[in-house]
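Below is one structure, written out as structure tokens; comments come after it.
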Amino acid sequence: MRWLTLYSRSRQIPAALAALVIGALALWALARQEGGGAGAGDPRLPVLFLGAGAMAASTGLGGQDLALDRTAAIRWMPRRAAHVLLAGAVVVAMPLIVRAAGRDLPDAAFVVRDTAGLMGLAALGAALAGAEYAWAPPFVWLSFAFFAPPPTSTPMRVASWLLLPSGTPVATWTSLALTLAGTTAYSVAGPRR
């Protein structure tokens with residue numbers, strides 16, 4: 001077998017891809033219904049999909065044997081960073097395909113911003129708590145953003161950055177900070193044991 005096949009199997013990439021495709025089909029079906037909550041004005045359904053996609057991709061942020069990963073004679077730092085970035089690109093592609101199919105979803109800038117921040121949160125979760133709990137930070141932040149009061153102050157805008165429209169500086173900077181912090185921590189330290 002080739003290393004890429006082994007890597008993808010050890011990181012459960014086929015299962016994560018299946019979850020993303022099923023989620024994209026559900027997003028397409030729900031966005032098709034009248035009053036389904038999806039649309040350019042209401043980002044909750046696409047954000048829910050992006051959160052689920054980041055959580056599905058987070059399952060692959062650790063291998064089957066962490067000791068083997070740490071002793072391998074390959075440079076893990078660029079591979080870990082590439083894994084987070086490629087997983088984010090796949091999660092971004094799904095709602096953009098649904099949007100291209102004629103569904104009314106938020107624009108590409110919104111999707112890219114939210115996915116980058118959520119993947120950064122998942123990577124930070126893997127670095128701090130281990131790959132088995134990497135899904136928790138995106139889930140907690142997403143849950144808070146859904147149930148938080150309307151953002152009237154800067155701290156509340158930071159807390160609910162997931163639902164703010166694209167082009168909002170606070171949301172963009174929060175997403176960028178989470179992306180850089182999470183990807184850097186995961187790339188350098190790897191998943192916690």
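For Ser166, the side chain to side chain donor-acceptor pair (under 3.5 Å) criterion is met by Asp107, not counting sequence neighbours. Not counting sequence neighbours, the partners of Val21 by the side-chain contact (heavy atoms from CB on, under 4.5 Å) test are Leu25, Met94. Partners of Ala93 according to the side-chain contact (heavy atoms from CB on, under 4.5 Å) rule, which considers only residues two or more places apart in sequence or in another chain, do not exist here. Taking Val112 as the reference, Val92 meet the side-chain contact (heavy atoms from CB on, under 4.5 Å) condition, with sequence neighbours excluded.
Summarising the geometry of Phe49 relative to Pro95, their closest heavy-atom pair is CE2-CD, 3.3 Å, with the distance given to 0.1 Å. The shortest non-hydrogen separation linking Pro46 to Pro43 is CD-O, 3.2 Å. Of all heavy-atom pairs between Leu124 and Ala185, the closest is CD1-CB, 4.0 Å. Heavy atoms only, all atoms of each residue included: Ala57 and Ala87 are closest at CB-CB, 3.9 Å. When all heavy atoms are compared, the tightest approach of Ala54 to Leu118 is CB-CB, 3.7 Å. Scanning both residues, Arg113 and Ala171, for their nearest heavy atoms gives NH1-CB, 3.3 Å.
Rounded to the nearest 0.5 angstrom, Leu142 CG and Phe147 CZ are separated by 9.0 Å. One distance of note links CG of Leu50 with CE of Met55; it measures 10.0 Å at 0.5 Å rounding.
Residue pairs that meet the side chain to side chain donor-acceptor pair (under 3.5 Å) test with at least one member in residues 134-162, sequence neighbours left out, do not exist here. Sorted by first then second residue, the side chain to side chain donor-acceptor pair (under 3.5 Å) pairs that include residues 171-185, not counting sequence neighbours, number zero.
Leu96 and Leu85 are not part of a single hydrophobic cluster, where members link through side-chain heavy atoms under 4.5 Å apart. Follow the hydrophobic side-chain contacts under 4.5 Å out from Leu162 and you reach Phe146 in the same cluster. Taking hydrophobic clusters as Ile, Leu, Val, Met, Phe, Trp and Tyr residues chained together by side-chain heavy-atom distances below 4.5 Å, Val111 shares a cluster with Leu163. Transitive grouping of hydrophobic side chains (ILVMFWY, heavy atoms separated by less than 4.5 Å) keeps Met119 and Leu164 in distinct clusters.
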| request: Report the C-alpha distance between Val188 and Met77 in whole Å, list the side-chain angles of each, state the deciding distance to 0.1 Å, and finish with yes or no for side-chain contact (heavy atoms from CB on, under 4.5 Å). | output: CA-CA 6 Å; Val188 172; Met77 191 179 305; 4.1 Å; yes
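A distance-only check finds no donor-acceptor pair linking the side chain of Arg80 to the backbone of Pro191 [under 3.5 Å].
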